[in-house]
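Take a look at the structure set out below.
Owing to the predicted nature of the structure, the values given are computational and were not obtained by experimental measurement.
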Amino acid sequence: MAKAGNGEGSISQRIGQDGKPGVWQSRISLPDGRRKTFYGKTRQEVARKLAAARRDRDRGLPIVTDERATVEKHLTDWLARMKPPRVRASTHLRYTGLLAHVIRAYGRQRLTHLTARQLTTLYATLQQSKGDCGAGLSASTVHHIHTVLHEALDDAVRLDLAPINVCDRVDSPKLRRAKMEPYTRAEATRLLEAARDDRLEALYALAITTGMRLGELLALTWRQVDLTSLDGASLKVEATTTRDAEARWQVGEPKTASSRRRIDLIPRARLALLRHQTRQHAEQAALLAAGGAWAASD
């Protein structure tokens with residue numbers, strides 16, 4: 001065994017039960033008193049691992065405890081821990097789709113071998129090339145890939161699976177905010193006139209007069225609508241629609257606490273809702289008269 005100073009670590013070769021030389025090993029003492037052992041086929045291999053561990057320890061970085069972990073293994077495990085109720089089902093679905101690009105490119109690679117240069121190349125490839133790896137993605141989408149990957153690799157550092165988060169060394173694509181082009185008053189009026197008597201007239205009227213999100217509009221029920229109050233018609237936003245893990249629509253809680261709110265309705269929106277209610281009652285009566293069943297979902 002090669003001798004080393006206290007804290008510098010040691011290198012030795014194991015002897016098998018048959019008395020023959022076996023694998024090489026190196027050991028280093030960690031700040032918390034534990035010892036970390038590395039194995040390799042040659043002395044040079046374990047010496048490199050020991051030097052890297054000593055360098056990380058002296059820099060105050062965590063010593064990797066599982067060098068065999070691959071990019072795919074860690075990202076898959078992280079996604080499993082991020083399932084609902086920790087995040088919304090739609091958010092988890094989004095995370096899975098974003099990280100799939102990274103897994104396809106570097107999934108089989110060891111987590112500790114992932115480099116900033118590889119991520120920089122991947123981000124550029126995703127936006128420019130024409131292939132199966134996700135060509136033509138927008139800068140915004142690649143920015144979100146970087147953000148989610150950064151969070152997942154932070155988790156790897158906390159678990160001592162990687163010494164650093166390589167995303168810290170990568171510049172993600174800058175978000176380009178699309179210029180908003182809202183309708184003019186004349187355009188909004190023309191749209192609402194065109195939607196008059198359409199089966200979904202109320203949807204268009206609420207969308208253009210309240211600014212509600214699409215998920216909030218689709219989750220709206222009559223219980224949340226007040227068309228008779230002396231103070232004026234109004235509605236309450238108390239739910240939204242999202243995708244579940246199987247990409248099916250479901251009704252759930254609003255995205256944030258501030259998303260719950262009361263919205264006053266202008267007369268045009270109130271009249272559109274009254275016409276929708278009348279139309280809905282007529283559809284219900286016709287369906288029941290024909291022997292059908294009406295789903296009482298409000």
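Side chains of Leu122 and Leu126 form a contact here, defined as non-hydrogen atoms less than 4.5 Å apart. Using a 4.5 Å heavy-atom cutoff, the side chains of Asp231 and Asp264 are not in contact. A 4.5 Å side-chain heavy-atom check between Met212 and Leu235 finds at least one atom pair inside the cut-off. Proximity of Val237 to Thr210: side-chain heavy atoms (C-beta onward) are nowhere separated by under 4.5 Å. The side-chain heavy atoms of Leu206 and Leu220, taken from C-beta on, include a pair separated by under 4.5 Å. Side-chain contact check for Leu161 versus Thr112: every heavy-atom pair is 4.5 Å or farther apart. At least one side-chain heavy atom of Leu153 sits less than 4.5 Å from a side-chain heavy atom of Leu111. For the pair Arg213/Ser259, a side-chain contact is recorded, criterion being any heavy-atom separation below 4.5 Å from C-beta on.
The backbone N or O of Leu114 lies less than 3.5 Å from no partner atom in the side chain of Tyr106, so there is not a single donor-acceptor pair. The backbone N or O of Tyr123 sits less than 3.5 Å from a side-chain atom of Gln127, completing a donor-acceptor pair. One N or O on the side chain of His143 and one on the backbone of Pro173 form a donor-acceptor pair closer than 3.5 Å. Side-chain N or O atoms of Glu193 include none that pairs as donor or acceptor with a backbone N or O of Arg190 at under 3.5 Å. Not one N or O on the side chain of His74 forms a donor-acceptor pair closer than 3.5 Å with the backbone of Asp155. In this structure, the side chain of Asn165 engages the main chain of His150 through a donor-acceptor pair within 3.5 Å. Under a 3.5 Å cut-off, the side chain of Thr241 and the backbone N or O of Gly215 do form a donor-acceptor pair. In this structure a side-chain-to-backbone donor-acceptor pair under 3.5 Å is present from Glu45 to Lys41.
Under a 4.0 Å N-O distance rule, the pair Glu253/Arg260 qualifies as a salt bridge. Between Glu201 and Arg268, none of the side-chain N atoms (NZ, or NE/NH1/NH2) sits under 4.0 Å from a carboxylate O, so this pair counts as no salt bridge. For Asp77 and Lys73, the salt-bridge test passes: some basic side-chain N is under 4.0 Å from an acidic carboxylate O.
A side-chain donor-acceptor contact under 3.5 Å links Thr256 and Ser258. For the residue pair Gln25/Ser12, the side-chain donor-acceptor check at 3.5 Å is satisfied.
Counting all heavy atoms, side chain and backbone alike, Leu79 lies closest to His92 at O-NE2, 2.7 Å.
Counting non-hydrogen atoms of neighbouring residues, nucleotides and ligands closer than 6.0 angstrom, the CZ atom of Arg117 reaches no more than 12 such neighbours. No more than 12 heavy atoms of other residues, nucleotides or ligands lie within 6.0 Å of CG in Asp171, so this atom counts as exposed by the packing criterion. Dense packing is recorded around CZ of Arg81, with more than 12 heavy atoms of other residues, nucleotides or ligands lying under 6.0 Å away.
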**Asked** Taking it one step at a time, do Leu287 and Glu283 satisfy side chain to side chain contact (heavy atoms under 4.5 Å, CB included)?
**Response** CA-CA 6 Å; Leu287 183 64; Glu283 288 183 4; over 6 Å; no
**Request:** Check step by step if side chain to side chain contact (heavy atoms under 4.5 Å, CB included) holds for Val166 and Thr115.
**Result:** CA-CA 6 Å; Val166 295; Thr115 67; 5.8 Å; no
**Message:** Determine whether Thr147 and Ser172 satisfy the following criterion, side chain to side chain contact (heavy atoms under 4.5 Å, CB included), listing intermediate values before the conclusion.
**Reply:** CA-CA 8 Å; Thr147 300; Ser172 69; 5.9 Å; no
**Prompt:** Can Leu227 and Trp222 be said to form a side chain to side chain contact (heavy atoms under 4.5 Å, CB included), step by step?
**Reply:** CA-CA 10 Å; Leu227 301 177; Trp222 288 114; 4.2 Å; yes
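Summarising the geometry, atom CZ belonging to Arg275 is positioned 11.5 Å from atom CG belonging to Asp198; distances are rounded to the nearest 0.5 Å.
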